[in-house]
There are 2 protein chains.
Amino acid sequence: MAARSYGQYCGVTTAVELIGERWALLIVRDLLVGPRRYTDLKVGLPRIPTNILSTRLKELQEGGVVRRVPLHGCGLVYELTPYGRALEPVMLALGRWGFQSMGDPDEGDVVTPDSLTMALRTAFRAERATPLDVELHVGDVALRAIVHDGVLAVVQLAPPAPPVGGAVPPGDPEAVIVAGPGIRHLIAGDVTPAEAIAQDLVAVVRGDERILNDFAQTFHIAPLAA
Amino acid sequence: MAARSYGQYCGVTTAVELIGERWALLIVRDLLVGPRRYTDLKVGLPRIPTNILSTRLKELQEGGVVRRVPLHGCGLVYELTPYGRALEPVMLALGRWGFQSMGDPDEGDVVTPDSLTMALRTAFRAERATPLDVELHVGDVALRAIVHDGVLAVVQLAPPAPPVGGAVPPGDPEAVIVAGPGIRHLIAGDVTPAEAIAQDLVAVVRGDERILNDFAQTFHIAPLAA
DNA sequence: CCGGATCCGAATCGATACTG
DNA sequence: CAGTATCGATTCGGATCCGG
């Protein structure tokens with residue numbers, strides 16, 4: 001029996017043996033946004049030691065979760081296998097659950113493009129979504145969230161350079177929203193959009209402030225029913 | 001910043017900090033079945049070191065996932081808080097995902113009453129469930145699975161002594177099913193009930209073998225659509 | 001028996017440096 | 001860019017011990 005085995009024959013145990021090691025699930029989180037190079041992952045997970053990243057990628061490949069794909073000519077990327085992509089429902093459920101415990105950020109905590117992208121997906125309610133096209137800034141991260149036909153698309157924007165891994169959406173967003181960590185109170189429904197603005201949790205720096213009503217209805221994580 | 005922190009402000013990261021340590025999720029899995037004493041948990045997780053169990057229980061309490069409840073007069077139990085119970089969808093999704101990677105058990109792997117109980121919940125399809133009342137044996141574990149009004153109830157049976165933590169269901173089961181690890185092929189739909197019997201993956205030692213049709217329809221984890 | 005606490009060697013992780 | 005190598009700091013695992 002492997003040393004890391006939990007010694008049980010059970011689906012949960014098997015899953016935890018595949019993706020339960022430290023950092024593994026965060027690697028999967030970033031790869032759920034799209035294929036990433038080794039260096040992209042390292043930048044997106046600033047505190048991961050490089051030997052751990054290397055080890056995890058090997059383990060995830062061995063587990064059939066991740067695949068290593070040479071890029072035509074130069075470089076290579078890691079991407080999820082279909083089996084790895086099947087973790088999306090788990091990841092979204094886990095993100096929603098963890099959201100309930102988020103307080104204010106600790107000193108040194110960062111928001112990364114991939115984590116914010118997945119956070120938006122986590123909070124997205126297809127059944128109540130309204131058409132939407134906004135630019136969202138949180139910390140240094142800027143991205144464009146577009147809801148069309150009840151489907152959410154997120155494009156990451158890089159301040160000066162062109163966006164990573166995709167085309168800039170055509171046209172201008174309806175509004176530009178700038179927020180800090182306090183935006184979680186809007187997502188949770190603790191405050192109304194008007195209150196969020198009044199308390200400086202969120203600002204609409206371009207466009208109509210009323211867009212926040214659509215935003216808050218579309219992106220929402222309800223507190224526990226208790 | 002805490003030493004164990006991942007340094008990111010994100011729901012997934014928060015969740016992993018709460019329940020991502022080794023053994024933590026398996027403790028939660030067992031507690032999802034019902035409140036458990038320290039010793040119950042130790043028996044249900046045979047390979048967990050006692051200091052780790054003790055540490056995890058403290059951490060889970062601190063995280064608001066687990067509560068320590070004195071038992072009227074003698075002893076005490078650990079139980080999930082409402083927030084901890086909210087992990088059930090995560091656990092079921094994770095169990096379904098891990099199920100896809102289950103091969104044959106390694107030598108020394110065990111099946112515990114709680115892991116089998118959660119496995120049944122994982123595989124339960126309410127929308128296709130039929131009324132059912134069977135006794136299921138896998139390894140040393142025996143339990144009674146009853147589907148009534150589209151709701152699954154599982155009662156753990158102890159061979160000689162009375163069952164743990166609940167009353168024996170009244171009456172006799174419709175059938176007694178004895179299975180080994182190969183039962184996963186029936187759950188996955190790799191084999192029909194008839195084939196499962198022919199290949200000795202499953203045996204119906206009392207009652208009508210046709211009950212396996214209902215069983216296989218009620219408990220099913222579809223392979224990846226790929 | 002229940003509910004842990006303590007001790008210690010083994011394995012893992014984190015930080016940094018270095019390489020093809 | 002995509003990793004290895006190294007090494008001290010932590011954590012884990014296994015065993016033992018202890019108070020009710």
Side-chain angles (χ1 to χ4, degrees), chain A residues 1-8 13 16-27 30-31 35-62 66-79 108 110 164-165, chain B residues 1-8 13 16-27 30-31 35-62 66-79 108 110 158 161 164-165:
Chain A
M1 173 185 345
R4 321 192 52 94
S5 164
Y6 291 94
Q8 302 200 354
T13 308
V16 172
E17 283 168 4
L18 284 170
I19 53 161
E21 299 295 313
R22 200 161 161 73
W23 291 104
L25 214 51
L26 300 188
I27 295 171
D30 285 8
L31 291 179
R36 291 289 182 264
R37 307 167 170 230
Y38 187 90
T39 310
D40 298 333
L41 291 168
K42 197 163 61 165
V43 171
L45 273 3
R47 300 173 66 87
I48 194 175
T50 81
N51 56 344
I52 298 294
L53 176 55
S54 171
T55 303
R56 291 295 170 269
L57 286 169
K58 270 176 221 151
E59 292 164 353
L60 290 170
Q61 286 173 76
E62 204 162 339
V66 163
R67 189 157 51 194
R68 197 175 189 266
V69 181
L71 225 46
H72 68 293
C74 62
L76 58 98
V77 293
Y78 294 90
E79 66 176 20
V110 298
V164 179
Chain B
M1 172 186 345
R4 320 193 54 94
S5 165
Y6 290 94
Q8 300 198 189
T13 307
V16 172
E17 284 169 4
L18 284 171
I19 53 162
E21 299 295 313
R22 201 160 161 73
W23 291 105
L25 214 53
L26 300 189
I27 294 171
D30 285 8
L31 291 179
R36 293 288 181 264
R37 306 167 171 227
Y38 187 91
T39 310
D40 298 333
L41 291 168
K42 198 165 58 167
V43 171
L45 272 4
R47 300 174 65 87
I48 195 176
T50 83
N51 56 343
I52 298 295
L53 176 54
S54 170
T55 303
R56 291 295 170 269
L57 286 170
K58 270 176 219 152
E59 291 164 354
L60 290 170
Q61 285 173 76
E62 205 161 338
V66 163
R67 191 157 48 196
R68 197 175 189 266
V69 181
L71 226 46
H72 67 293
C74 61
L76 59 97
V77 293
Y78 294 91
E79 67 176 20
V110 297
V164 178

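Lettering of chains follows the sequences in order, A, B, ..., and the numbering in each one begins at 1. These values consider heavy atoms only, across backbone and side chains, with no hydrogens, waters or symmetry-generated copies.
A/S54 has no side-chain polar atom (N or O) that falls below the 4.0 Å cut-off from OP1 or OP2 of D/dG3. The phosphate of C/dG4 has OP1 or OP2 within less than 4.0 Å of a side-chain N or O from B/R68.
Between B/G44 and A/Q8, the shortest heavy-atom distance links the atoms O-NE2, 2.9 Å. For the pair B/L45 and B/L26, the tightest heavy-atom approach, listed with the atom from each and the gap, is CD1-CB, 4.2 Å. B/R68 and B/Q61 make their closest contact through CB-OE1, 3.5 Å (heavy atoms, listed as atom of the first residue, atom of the second, distance). Taking every heavy atom of both residues into account, B/L31 and B/Y78 meet most closely at CD2-O, 3.4 Å. Shown here for B/G7 and B/S5, the closest heavy-atom pair between the two residues is N-OG, 2.9 Å.
The distance from atom NZ of A/K58 to atom P of C/dC13 is 13 Å, rounded to the nearest whole Å. The CD-P distance, from B/E17 to C/dC13, rounds to 16 Å in whole Å. At whole-Å resolution of the value, OH in A/Y78 and C1' in D/dC1 are 11 Å apart. Between A/Y38 atom OH and D/dG3 atom C1' there is a gap of 5 Å when expressed in whole angstrom units. In this structure, the CG atom of B/L53 is 9 Å from the C1' atom of C/dG4, given to the nearest Å.
Formation of a donor-acceptor pair under 3.5 Å by the A/E17 side chain with backbone atoms of A/Y6 is found in this model. Side-chain atoms of B/S54 never come within 3.5 Å of backbone atoms of B/T50 as a donor-acceptor pair (strictly under, hydrogens ignored).
A/L76 comes within contact range of the sugar-phosphate backbone alone, with a heavy-atom separation under 4.0 Å but no base atom that close.
Note that NZ of B/K42 and CD1 of B/I27 are 13.0 Å apart. Values are rounded to the nearest 0.5 Å. A distance of 12.5 Å separates CG of A/L57 from CD of A/E62, quoted to the nearest 0.5 Å.
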Practice prompt. Toss me the dot-bracket line for DNA chain D: Watson-Crick and G-U wobble, both under 3.5 Å, 5' to 3', using | for pairs to another strand and [ ] for crossers.
Written response: ||||||||||||||||||||
Item to complete: Do nucleotides 6-20 of chain D as a string where each nucleotide becomes B, S or -: B if the base has a protein heavy atom under 4.0 Å, S if just the sugar-phosphate does, - if no protein is that close.
Response: B----SSBBB-----
